[in-house]
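Every heavy atom of this structure was used, including side-chain atoms; hydrogens, water molecules and symmetry mates were not.
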Amino acid sequence: MRDAHGEAPELRPGRVEDHADFVRLFAELGVEDPPPPLDVWVSDLVKRAFFVDGPEGAAAYAVVDVLEETGYVVNLVVAPGQRGKGLGRKVMRELASHFRARGCREWMLYVKPDNVSARTLYSSMGMEAGRLETTWRLSWHHLEALPLAPDGLEVVPVTEPDFAPLTRAFGLVPGKLARFATQATHRLRRLVDPEHPELAELGWMDVRPLARVLVPFFAATPAHASALLEAAFLELGGTEELRVVTGDSVLEPLLHEAGARVVLRTLAMRGPLPSPQ
């Protein structure tokens, strides 16, 4: 795709008036989530968004974040009519420059495992496949198939002193918890044994009330998962279903046997930022 002068359009910062184009392209992600509303766009996303203009509105957009030394590509969408023209690669190269300028050494994103063209692009730019995660839709009765939670466990808010221990225990991207803790749409919760409060590896979850989703979700055992899930249902009060995003190979077969429904699979990809070209 070229502009009137034969040059590829540049990636520009997002603007408030881009919300309609954002909503249009967000639908191309093929997820159950509705597009974030205008107030969330204005308060948070627009300042982390970039667009490529096209002849009929936005040709592509990306939403990004910086987690200490990791650049996180939250979303990247190219309009259907603009695919196969190298636009995705152009956007990724410019995002790499954006991340390098902010001190990042690596970058990451999530992609659908069956999106071969996207995976090929990201692999060619130095990213390697990592954790495969599944989004499950489950209701309260599905919890009955899980082992009973150990007695005495408590689910409490995550606070700043918890960031480092939880990051180490679950192999999180450094800076992820600190970033999410600043966002009103996230509620970070961890599992605590009052007799051993120093244990960080029992479990934690990011509760996102607007979307009724727990992402990510980690638990030491299915019994610990049961404690977290019960707390999430109670906190979200009145919801009949919620979604859980996890890559837990022990928990997932139990959710499947209980009749929970798979709605999405995503693959983490991560690698060093490519050298400037």
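Taking a 4.5 Å side-chain heavy-atom cut-off between Ile, Leu, Val, Met, Phe, Trp and Tyr, the cluster of V245 extends to V213, V215.
Side-chain polar atoms of E106 and T70 form a donor-acceptor pair below 3.5 angstrom. A side-chain donor-acceptor contact under 3.5 Å links H186 and Q183. Remark: the T135 side chain and the R243 side chain contain no N/O donor-acceptor pair separated by less than 3.5 Å. A donor-acceptor pair shorter than 3.5 Å can be found between the side chains of T134 and E252.
At least one donor-acceptor pair under 3.5 Å links the side chain of R48 to the backbone N or O of V64. At distances below 3.5 Å, not a single donor-acceptor pair connects side-chain atoms of R168 with backbone N or O atoms of F163. In terms of modelled atom types and a separation under 3.5 Å, the side chain of K112 and the main chain of L29 share a donor-acceptor contact. Looking at S123, its side chain never comes within 3.5 Å of a backbone N or O of T120 through a donor-acceptor pair.
Atom CG in L199 sits 10.5 Å away from atom CG in L191 (nearest 0.5 Å). Rounding to the nearest 0.5 Å places CG of L202 at 11.5 Å from CD of E154. Between atom CG of residue L228 and atom CZ of residue R190 there is a gap of 11.5 Å, rounded to the nearest 0.5 Å. Distance check: T266 OG1 to E133 CD gives 5.0 Å after rounding to the nearest 0.5 Å. In this structure, CD on E240 lies 13.0 Å from CG on L138, to the nearest 0.5 angstrom. Taken from OH in Y61 to CG in N75, the straight-line distance is 3.5 Å, to the nearest 0.5 Å.
Other residues, nucleotides and ligands place more than 12 heavy atoms under 6.0 Å from the CZ atom of R131. By the 6.0 Å contact criterion, CG on L148 is open, its count of non-hydrogen atoms from other residues, nucleotides or ligands being 12 or less. Around CD of E198, the count of heavy atoms belonging to other residues, nucleotides or ligands within 6.0 Å exceeds 12.
Here E235 pairs with R187 in a salt bridge; the nearest charged N to carboxylate O distance falls below 4.0 Å. Ion pairing between a basic and an acidic side chain is recognised when a charged N comes within 4.0 Å of a carboxylate O; R12 and D18 show such pairing. By the 4.0 Å N-to-carboxylate-O rule, R83 lies close enough to E28 to be salt-bridged with it. No salt bridge links E68 with K176; every basic N to acidic carboxylate O contact stays at or beyond 4.0 Å.
Both L214 and L143 are assigned to one and the same hydrophobic cluster, defined by single-linkage of ILVMFWY side chains at heavy-atom distances under 4.5 Å.
Ring geometry for F22 versus W41: interplanar angle under 30°, hence parallel rather than tilted (30 to 60°).
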